[in-house]
Number of protein chains: 2
Amino acid sequence: MRADAKEPRSRRERPAKPALTRAGIVAAAVEVMRSEGLERVTMRRLAQELDTGPASLYVYVANTAELHAAILDELLGAVDLSAGRAGGDWRDRLLGVLTSYIEVLFEHPALARSALVARPSGDHYLDLVEAVLALLAEGGVAPARAAWGVDLLLLFATSTAAEQSTRDQDAGAQDDWDALTGVLRAASADRHPHIAALGDTLLSGTGPARLTWGFQALISGLLATPVPDTTGPPGRRS
Amino acid sequence: MRADAKEPRSRRERPAKPALTRAGIVAAAVEVMRSEGLERVTMRRLAQELDTGPASLYVYVANTAELHAAILDELLGAVDLSAGRAGGDWRDRLLGVLTSYIEVLFEHPALARSALVARPSGDHYLDLVEAVLALLAEGGVAPARAAWGVDLLLLFATSTAAEQSTRDQDAGAQDDWDALTGVLRAASADRHPHIAALGDTLLSGTGPARLTWGFQALISGLLATPVPDTTGPPGRRS
DNA sequence: ACCTGAACACCGTTCAAGT
DNA sequence: ACCTGAACACCGTTCAAGT
């Protein structure tokens, strides 16, 4: 399929060149991402895939960031929200939903990073927010606190994925990681006594164990921390 | 200064073209970032600034990501670690250090994002980790928990900056934000009852208030959440 | 209204050749 | 050893012109 994509494509090979639509563009983008990675989902590459010029895409998509956001929302359809409606403790079910969210992001590395930049606002993202809010409400978390808590939980999940994700795919990311572990292990007891004392403990634990611990700490933390009284005005984030 | 940079530069104008060094390259990179933003800190732009060709830089810097990481560590020198040694409750002092860290990141937007990708491992970053660990130790947090906690706290700070940062600079980022707020406000009571019920509460609070709340929740959370027993092996993150 | 060719203004990285 | 010219293989986005 990839070899095929490199050959110049004549009209005859694809007789029914489909009309451009936003949905068609996003679908093609998802396809290219699955086969070649998000870094290949460029306006030019996509135009080539759709047998047109890059300028044509701008009729349907404002820019590359918006395109990536659309891909993300598409993929968020795979988040297993039913985990929230299963039996058991609400905390465990919340953990299940968040874990499903992070698994989707882990599968598609670079996408988590673009989610931090271009905030998603599609239907599937809203469904996720709704599911988390429902679980927090079930757990008796006060509305204002739940409102801030959902942000905290999703930010943690998204940024953990953004951070971890690179390591698998990117060549240089593993080097960075190795550099960091090396430097932590070599910390001088003079300048960095606590780092030196902890040694390998700083690097201990598997990814999943740390992740679960993080989610649990966050849930406990938001249960324990009241939001300030002055939450009245619709306030914008600075 | 920028107009000047666009003019072709003859040898005579810069008679003592300094020898290339890694430190010199990083210093020039910081300068370009301050005046033109991180997105202009490219190998080619930097080579132009240093009056050479892009290939020359690869003798001292492995790639663009490494260059950005070096810039970040340089800037982390401005983090006010003395906040950790002042008087008062250890939690407040920890908050002070973390706030100083995030302020540095807020000043230089895109850098927080690259910190998520290319993990920093410079001296200044180690100093920061050391300072946070010292405060956690002072608060009586057990070593294993402090080891995981420092990651949690710094990840939250870094990703919050990465997320917020775009809004100020990037044109499209504000649009994304507007799209998200619009969509939250317009949520249907049928499909998204909790979102609809919360309304503006979801968007309530100023940036600093949310940030402080987040830090406080994290600290309370890590105090309340024991790490699993199986933390023995040096384990690698999956 | 929708689509596009062509252009503008860039990128990172490599490599053979020079000093 | 260090430095570089030139090339390879790309980018996003705009705009005037076409249908």
(request) With sequence neighbours excluded, tell me which residues meet side chain to side chain contact (heavy atoms under 4.5 Å, CB included) with B:Y58. (result) B:M43

(request) Measure the distance from CZ on B:R22 to C1' on D:dA1 and round it to the nearest whole Å. (result) 18 Å

(message) Please report the distance, rounded to the nearest Å, between CD in B:E36 and P in C:dC10.
(response) 11 Å

(message) Whether B:E66 and B:R22 form a salt bridge (side-chain N of Lys/Arg under 4.0 Å from carboxylate O of Asp/Glu) is what I want to check.
(response) yes

(message) In whole Å, I'd like the distance from the OH atom of A:Y60 to the C1' atom of C:dC2.
(response) 6 Å

(message) As a check on the pairing definition, encode DNA chain D in dot-bracket form, counting Watson-Crick and G-U wobble pairs whose two distances are under 3.5 Å, and using | for partners outside this strand.
(response) ||.|||||...|||||.||

(message) Taking only the P atom of each, what is the distance from C:dA9 to D:dA9 in whole angstrom?
(response) 24 Å

(request) Please report, rounded to the nearest Å, how far the C1' atom of D:dT4 is from the CD atom of B:Q48. (result) 16 Å

Identify the pairs formed between an N or O of the protein and an N or O of nucleotides 12-14 of chain D at a distance under 3.5 Å, and give each distance.
unit_1 : atom_1 : unit_2 : atom_2 : d
D:dG12 : OP1    : A:M43  : N      : 3.2
D:dG12 : OP2    : A:M43  : N      : 3.2
D:dG12 : OP2    : A:R44  : N      : 3.3
D:dG12 : N7     : A:R44  : NH1    : 2.6
D:dG12 : O6     : A:R44  : NH1    : 2.5
D:dT13 : OP2    : A:Y58  : OH     : 2.8
D:dT13 : OP2    : A:T64  : N      : 3.3
D:dT13 : OP2    : A:T64  : OG1    : 3.3
D:dT13 : O5'    : A:Y58  : OH     : 3.3

(request) Check the distance between D:dC2's C1' and B:L50's CG and give it to me in whole angstrom. (result) 15 Å

(message) Between A:S188 and A:D190, do the side chains contain a donor N or O and an acceptor N or O under 3.5 Å apart?
(response) no

(message) What is the distance, to the nearest angstrom, from the CG atom on A:L46 to the C1' atom on D:dC10?
(response) 16 Å

(message) How many whole angstroms separate atom CG of A:L57 from atom C1' of C:dA1?
(response) 17 Å

